[in-house]
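Here is the structure we will look at.
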2 protein chains.
Amino acid sequence: MTRDPALEPLTRSAEDYLKAILALSGEAAVSTTQIAQRLELSPASVSGMIRRLSDQGWLEHVPYRGVVLTDAGRRAALRMVRRHRLIETYLVDRLGFTWDDVHEEAERLEHAVSDQLVDRMAEALGHPRFDPHGDPIPRSDGTMDIPDYVAVPDLVTGEPMILHRVRTGDAERLRYIADAGLVPGAEVMLVSREPFDGPVTVRVGGGERVIAHDLAAMLLCVRE
Amino acid sequence: MTRDPALEPLTRSAEDYLKAILALSGEAAVSTTQIAQRLELSPASVSGMIRRLSDQGWLEHVPYRGVVLTDAGRRAALRMVRRHRLIETYLVDRLGFTWDDVHEEAERLEHAVSDQLVDRMAEALGHPRFDPHGDPIPRSDGTMDIPDYVAVPDLVTGEPMILHRVRTGDAERLRYIADAGLVPGAEVMLVSREPFDGPVTVRVGGGERVIAHDLAAMLLCVRE
DNA sequence: ATATAAATTTAGGCCGTCCGAATTTCCAGT
DNA sequence: ACTGGAAATTCGGACGGCCTAAATTTATAT
């Protein structure tokens, strides 16, 4: 990671593009509009930046077909993800931020910190593998631990599980969820579930909660 | 501080200009070339930026005569100084940085941190009034403590003093100085001094040191 | 097969920030 | 009072990064 043979240094903007593309990368190539929506930019602007990034070897672009990160691009993007998540962890653990208000701060800091600072923070925190939302923190070499998750609506009823990851960045949702005691590490159990993607009842912290299906789907659990 | 009635938000670049101008502000107005030298930019670039900053009310410019910060400009610049020095203090105190390698890091971070983060760091550190180099940290309202300093070459020989501030950002000098035990808080005593700005002998930490005059002039002491 | 809709790229502009080169202003010394 | 050189400014150009509008390509539906 971090050492990319002969590439231009990335601008802040370019770092955001790579990170967005990584996040959108599933099976297929990532489309211009996907990127534009995620970064809240016009598709035309994205086309322009795609050209630069492609010229510089961070990604490959097939016109009208989409974009795939090169190895260098993926490494650079993972480096940003590592920074972001470590910064969030540091701010929550050491500086009294809450999991619903760290995102913006990290979004700015991730472009400003040196590798040295990132490493120092990681060390100070004992090399955490997950951030406050349970998102895995990539190591310097780009690897990370990704547990086998089961989303709350897919749980076997009556079987106790550990909530491990909350997949939303929305501050209001995060506050609501935390309020319900649904923080990573909490023991949860699916009590019942209504059909047609209806609300879901979970037992957590000695009480029961009825939760919207879509929100419950963002809560990922692990066994034991 | 921080609340400036109706002004445009500052860019990173503009923040650097204001900070530089504040640092260069003595009696007289600050000249274009002074700013250009300090920021390592061409005078042409500085002229351009001066115009924008002046249009936006951060400073007043008399063509061919120089530049003076407005109140808003001074507040904005002091806010950056506060950030910079608090960040340096935090990095040294909490993350194992040394006083010779924090500058660059702080230079980048000062543009990225929120007021909230700055306040949290200040709080975590117990609202320090001086940074690792002994430079005073402005409070949120822009005030700061500036002791009455006596530079080492101006000390009365034989009178013990406390080294309080080291006025250089040069990493090599800082390492040399730290190596000699000349860190803020150290007890120092002028032993002798050669005429014509010659070397200066100081007693520090039970030993004697001969130091170049110019370097010694960067070491500022306070009584007791 | 073709018309239309959707996605994408290109074209042309704007702003901030930098530069080098040309020009203007200021001041000091004759 | 004049003039040469230093200091400062303006000018023209570049680039990154954003935009809107127009053109183009691809996908879909009749």
Side-chain angles (χ1 to χ4, degrees), chain A residues 7-21 24-69 73 76-77 80 107-108 110-112, chain B residues 7-21 24-69 73 76-77 80 107-108 110-112:
Chain A
L7 302 181
E8 302 264 314
L10 286 163
T11 62
R12 272 168 254 273
S13 203
E15 288 175 340
D16 284 336
Y17 275 82
L18 294 184
K19 207 171 49 131
I21 293 164
L24 293 167
S25 292
E27 311 298 288
V30 177
S31 76
T32 304
T33 31
Q34 280 179 290
I35 301 169
Q37 273 166 19
R38 186 165 178 113
L39 297 178
E40 299 187 276
L41 298 174
S42 75
S45 305
V46 174
S47 271
M49 180 61 95
I50 289 302
R51 170 173 207 82
R52 270 168 251 143
L53 292 174
S54 162
D55 286 350
Q56 294 175 22
W58 301 105
L59 48 81
E60 273 166 45
H61 179 218
V62 182
Y64 295 100
R65 276 294 129 89
V67 131
V68 179
L69 292 177
M80 297 312 293
E107 203 68 21
R108 275 176 284 106
E110 65 188 7
H111 303 295
Chain B
L7 304 181
E8 304 265 314
L10 287 164
T11 62
R12 272 168 254 272
S13 205
E15 288 175 340
D16 283 336
Y17 275 81
L18 294 184
K19 207 171 49 131
I21 293 164
L24 294 167
S25 291
E27 310 297 289
V30 177
S31 76
T32 304
T33 31
Q34 280 179 289
I35 301 169
Q37 274 166 19
R38 187 167 177 111
L39 297 179
E40 299 186 277
L41 297 174
S42 75
S45 306
V46 175
S47 270
M49 179 62 95
I50 288 302
R51 167 173 211 81
R52 270 168 254 140
L53 292 174
S54 161
D55 287 350
Q56 293 175 22
W58 301 106
L59 47 81
E60 274 167 44
H61 178 216
V62 182
Y64 297 99
R65 276 295 130 85
V67 131
V68 180
L69 293 176
M80 296 312 293
E107 204 68 21
R108 274 177 285 105
E110 66 188 9
H111 302 295

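- Per the geometry, OH belonging to A/Tyr64 stands 8 Å off C1' belonging to C/dT10, to the nearest Å.
- Separating the CD atom of B/Gln56 from the C1' atom of C/dT17 is a distance of 13 Å, rounded to the nearest angstrom.
- Here A/Thr32 lies in heavy-atom contact (under 4.0 Å) with sugar-phosphate atoms only.
- When all heavy atoms of B/Ile21 and B/Val30 are compared, the closest pair comes out as O-CG2, 3.9 Å.
- Within the 4.0 angstrom heavy-atom criterion, only backbone atoms of the sugar-phosphate kind lie near A/Thr33; the bases stay farther away.
- A/Thr32 and A/Pro43 get closest at one heavy-atom pair: CG2-O, 3.5 Å.
- In terms of heavy-atom proximity, A/Gly73 sits nearest to A/Leu18 at O-CD1, 4.2 Å.
- Rounded to an integer number of Å, the gap from B/Leu18 CG to C/dT17 C1' is 15 Å.
- Looking at the side chain of B/Ser45, the nearest of the listed nucleotides C/dA11, C/dC26, C/dC18 is C/dC18.
- A straight line from CE of A/Met49 to P of D/dG16 spans 9 Å, rounded to a whole angstrom.
- Of the candidates C/dT24, D/dA21, C/dC19, C/dC19 carries the atom nearest the B/Ala44 side chain, counting heavy atoms from C-beta on.
- In terms of heavy-atom proximity, B/Ala29 sits nearest to B/Arg65 at CB-O, 3.9 Å.
- Considering only side-chain N and O atoms, A/Ser13 lies under 4.0 angstrom from the phosphate OP1 or OP2 of D/dC18.
- Shown here for A/Glu107 and A/Lys19, the closest heavy-atom pair between the two residues is OE2-NZ, 3.0 Å.
- Going from atom CD of A/Gln37 over to atom P of C/dA6 covers 14 Å, rounded to whole Å.
- In the set D/dC19, C/dT9, C/dT17, C/dT9 carries the atom at the smallest distance from any side-chain atom of A/His61.
- In this structure, B/Arg52 reaches the bases: a heavy-atom distance under 4.0 Å links it to at least one base atom across the strands shown.
- What separates CZ of B/Arg65 from P of C/dC26 is a distance of 6 Å, to the nearest Å.
- Not one side-chain nitrogen or oxygen of A/Thr11 sits closer than 4.0 Å to the OP1 or OP2 atom of D/dG16.
- Residue B/Leu41 contributes atom CG, which lies 11 Å from atom P of C/dT17 at whole-angstrom precision.
- A straight line from NE2 of A/His111 to C1' of D/dG17 spans 14 Å, rounded to a whole angstrom.
- A residue-by-residue look at A/Arg12 and A/Pro43 shows that A/Arg12 has its nearest nucleotide of DNA chain D further toward the 5' end.
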